[in-house]
Amino acid sequence: MAQSPLLVGELFDLLGVDGKLVADLFDRGLLYAEGSGFTMPRLLRLYLRGPIPDEKVGAIEALLQALGHTTAALELLAEQSKWERYLRLLSETFSAAYGNAYLRERLALVPPKYRELPTYRYLTTFLARFSGQTAHMEKELEALLPVVDNRLRPYVLNAYGVSLGMQAKYEEAVEKFRDCLNLKAEAITGRVLHNLGVAFYHIGDLRQAQEALLGAANLYRSRGLYGDEAIALATLAAVELSLGNPREAASLIERALPYMSRQVAENYLTAENLAKASIMIGDISTAEKHVLNLPNPKCNLRSHLATKKRLGEVYLWKGEYAQAKALFEEVLYSNFKDQEILDETHLLLSRIAFIEGKTELARAHLNRVVRNFHAITESAWQGQTDLDTAIADMRRRGARFDMAQLLLRKGDLASLKEALELCRTYQYGLLMYHPSYARLWRPLVLAEEGVRGSFPLRLHTFGSFEVEFLGVKLNLAYFKTRKAAILLTYLALEPRAHNRDSLAELLWGDSSRPLASLHTAISELRKLFGAPIVEGNKGRVWLAFPVETDLEDFQKNSELFLKRSALNQNEVGRLEALLARFDTAWLPELPDWFDDERRGVEHRQAKLWRLLADFYANRAPQKAIAAYRQVTRLEPYDTEAWFNLVQLYEDLGEKNLAEQARAAMHIAMRELYERSVW
């Protein structure tokens, strides 16, 4: 048994092992489970092992490798000092996804006299790759090509192509990958197709990138290599993002996730792509969560920097330019130099500089981009190159998101209509609703009533009053009169046609000329938003655009909980998140208006807090107390909530707090009685 680092059932006959004896030794603690097999303590195994004939070493190694136990096979060869076979196996199975530490640990075992072998030299080029020394990696691989045998040559050619790609020499990389494929080395074909797809992606030949990555994924699947297929699909997701398919990219990642081995690099690959997809559809908060929730952020330097760059992009779209620039500068000035990451970082810095009006700095960053087809889009966006030429280029590439951006930038009605069709079809929420883009739709919105449904007016009522429309955010201070804001709010909360006379009397009943005041307010709103927000005829008045309110959002999300008499454990987190999101007063700046809506909000909030308080009453008394206090604040006449609060204080021995709560309850009950008498 000691002859193999790992005991699996398929080895029993070769080793002359009795399965019952294995079970007995496991019960005695002399074997322990490892993966799908068993092993014994290393020192005990080395003591018991004795010499192993070469033929048997080869047979054990072959069987372990065939079963996918590469680490155990390497351990066996190292223990038997079969260093040439050890290096051969390591060179044929190692992937950059295994990481720097894995490779260093295995190379450190190799005696000095074997370190001039081509297999060892080939493996050390990965160390240069991990440290970002891609030019050194290229030089070493170029020197190796004349001396390697035909078995190692495909691996060296593939790595050579990778070293070129990491320096943005993508056409040269494509040639190396094609040379490698011509060798018809089946063991590495999937990996080479994957790398070829990545090179095509960076050239901007998105269709060939898509074809190569799909080829890699299908090949891996046919061989049952589902983990490798998952990585190919996750990489293909990046191509789909450049093609302008954020939903398809997210779907590919969802397909890949169950088969990911969850190595650090893979965590970052999926999170970065999901964040980009979320950015494109306009969900910036979800994009931020994807990149902030990653474990072990510095275990893989390239992945760490790529995700830091993506987080900087999130801050860019949040309008937090200082935080974005700080992250981008960390990427630029790190010791790891990957041209792909550097190019994308310069593009993002160029956009920030352009937004801030620093056109020369924007141009300087753009000029430092070595090879990234998105630079064509950015250059045209900034007016440095011809817009129509760039649109034609993106159309040829099939890069729909970039094309939609440039059509929006062009701004004539025909271009805006085409851009809107793309945005609706592929759900480019960023281009439709982010302030940087939304304002550019104004000519189309004013000219075509039929498109208004795509551009809702958004009213925020929890906390500070705020209205968003076509990229403009306005708080109460922007309104010349409060009544104009009240009119807008009333029409938003009651989105239907209203009788003009009744509306004027409701809002300006104390005025000598209610209808004139209504007309003045409507005119003010139109000037404020630069669009016919309110329309009407002689008898009716209505909002001309659809409305989205946070009140409607609150009502919709709370409905699920309000149907329940009690919470279960799985719902608590979602309810707490909902309450945190809407834990502010409703329209506090307009306290004398919308009493029915305000009472409805407070009643819902109180019921939600009550559900939470009841859940925590026997589990976490302090949390229950905090929740009951919220209930009594919102519903001061809820006697049951008061009694429960008093009881919790007494159970905790907080007699003074219990008395204070009881006194507050009596005051509330007296007030309720007096109100009912009157």
Side-chain angles (χ1 to χ4, degrees), residues 250 274-275 278-279 281-293 314 317-318 429 433 456-468 473 475 489 492-495 546-591 594-638 640-642 644-645 648:
L274 284 171
S278 296
I279 288 171
I281 65 176
D283 191 351
I284 308 302
S285 60
T286 298
E288 186 173 17
K289 290 176 185 175
H290 282 307
V291 290
L292 286 179
N293 292 338
V314 169
W317 296 119
K318 288 175 69 177
Y433 306 122
L457 181 144
R458 291 183 170 136
L459 177 65
H460 301 271
T461 56
F462 283 84
S464 297
F465 171 91
E466 188 177 73
V467 185
E468 289 184 60
K473 289 185 179 182
N475 59 30
T489 304
L493 297 178
E494 298 286 343
V547 180
E548 294 179 0
T549 71
D550 54 358
L551 174 60
E552 185 180 24
D553 193 14
F554 171 66
Q555 291 169 336
K556 178 182 176 181
N557 283 284
S558 61
E559 201 62 40
L560 175 66
F561 296 103
L562 296 178
K563 291 178 180 178
R564 300 188 177 280
S565 58
L567 290 178
N568 62 52
Q569 183 67 54
N570 296 329
E571 297 171 324
V572 174
R574 288 190 290 118
L575 177 55
E576 288 178 327
L578 178 66
L579 285 167
R581 184 179 166 198
F582 295 102
D583 188 25
T584 51
W586 188 81
L587 273 185
E589 295 164 313
L590 302 175
F594 310 107
D595 291 338
D596 290 344
E597 289 84 359
R598 185 174 289 104
R599 280 193 293 270
V601 167
E602 291 174 351
H603 183 63
R604 279 178 179 263
Q605 288 176 323
K607 290 183 73 172
L608 295 173
W609 281 113
R610 179 61 183 270
L611 280 171
L612 197 63
D614 291 347
F615 176 82
Y616 280 129
N618 298 319
R619 296 174 174 86
Q622 292 295 349
K623 289 186 176 182
I625 286 171
Y628 277 126
R629 289 183 68 86
Q630 292 283 10
V631 176
T632 56
R633 176 181 64 81
L634 294 162
E635 298 276 6
Y637 307 131
D638 187 336
E640 187 177 356
W642 280 114
N644 290 343
L645 180 60
L648 281 167

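Computed from a predicted structure; not experimentally measured.
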Between the main-chain N or O of [Y] and the side-chain N or O of [X], is there a donor-acceptor pair closer than 3.5 Å?
X: E602; Y: L634; value: no
X: N568; Y: E571; value: yes
X: W317; Y: G282; value: no
X: S558; Y: Q555; value: yes
X: E468; Y: Y433; value: no

Heavy-atom closest contact ([X] atom, [Y] atom, distance):
X: F561; Y: L611; answer: O-CD1, 3.3 Å
X: A641; Y: T632; answer: CB-CG2, 4.1 Å
X: A617; Y: L648; answer: O-CD2, 3.9 Å
X: A613; Y: A624; answer: O-CB, 3.6 Å
X: H290; Y: S278; answer: CD2-OG, 3.7 Å
X: V314; Y: A287; answer: CG2-CB, 4.0 Å

Working for side chain to side chain contact (heavy atoms under 4.5 Å, CB included), residues E548 and L457: CA-CA 6 Å; E548 294 179 0; L457 181 144; over 6 Å; no

Roughly how far, to the nearest 0.5 Å, is [atom2] of [Y] from [atom1] of [X]?
X: R574; Y: L567; atom1: CZ; atom2: CG; answer: 9.5 Å
X: L459; Y: L493; atom1: CG; atom2: CG; answer: 6.0 Å
X: E597; Y: L590; atom1: CD; atom2: CG; answer: 11.5 Å

Could you check whether any side-chain heavy atom of [X] comes within less than 4.5 Å of a side-chain heavy atom of [Y], counting everything from C-beta outward?
X: L587; Y: F462; value: no
X: V631; Y: W642; value: no
X: V467; Y: K473; value: no
X: L645; Y: R629; value: yes
X: D583; Y: Q630; value: yes
X: F615; Y: L575; value: no

Does this structure show an ion pair linking [X] with [Y], if we count only N-O contacts that are shorter than 4.0 Å?
X: E640; Y: R610; result: yes
X: R581; Y: D550; result: no
X: K556; Y: D553; result: no
X: E559; Y: R604; result: yes
X: E466; Y: R458; result: no
X: E288; Y: K318; result: yes

Intermediate values then yes/no, side chain to side chain contact (heavy atoms under 4.5 Å, CB included), L551 and V601: CA-CA 8 Å; L551 174 60; V601 167; 3.4 Å; yes

Start with the C-alpha gap between F582 and L608, add the side-chain angles, then the distance that decides, and say whether side chain to side chain contact (heavy atoms under 4.5 Å, CB included) holds. CA-CA 11 Å; F582 295 102; L608 295 173; over 6 Å; no

Can you confirm whether more than 12 heavy atoms, excluding those of E552, are under 6.0 Å from its CD atom?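 Atom CD in E552 is not crowded, with 12 or fewer foreign heavy atoms closer than 6.0 Å.
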
If we count only N and O atoms by modelled type, under 3.5 Å, do the side chains of D614 and Y628 hold a donor and an acceptor together?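 Per modelled atom types, D614 and Y628 side chains form a pair under 3.5 Å.
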
Check whether the side chains of W586 and T461 place a donor and an acceptor atom closer than 3.5 Å, and report yes or no.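 W586 vs T461: donor-acceptor pair found between side chains.
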
Does the pair Q605 and F554 meet the rule for a side chain to side chain contact (heavy atoms under 4.5 Å, CB included), with working shown? CA-CA 10 Å; Q605 288 176 323; F554 171 66; 3.8 Å; yes

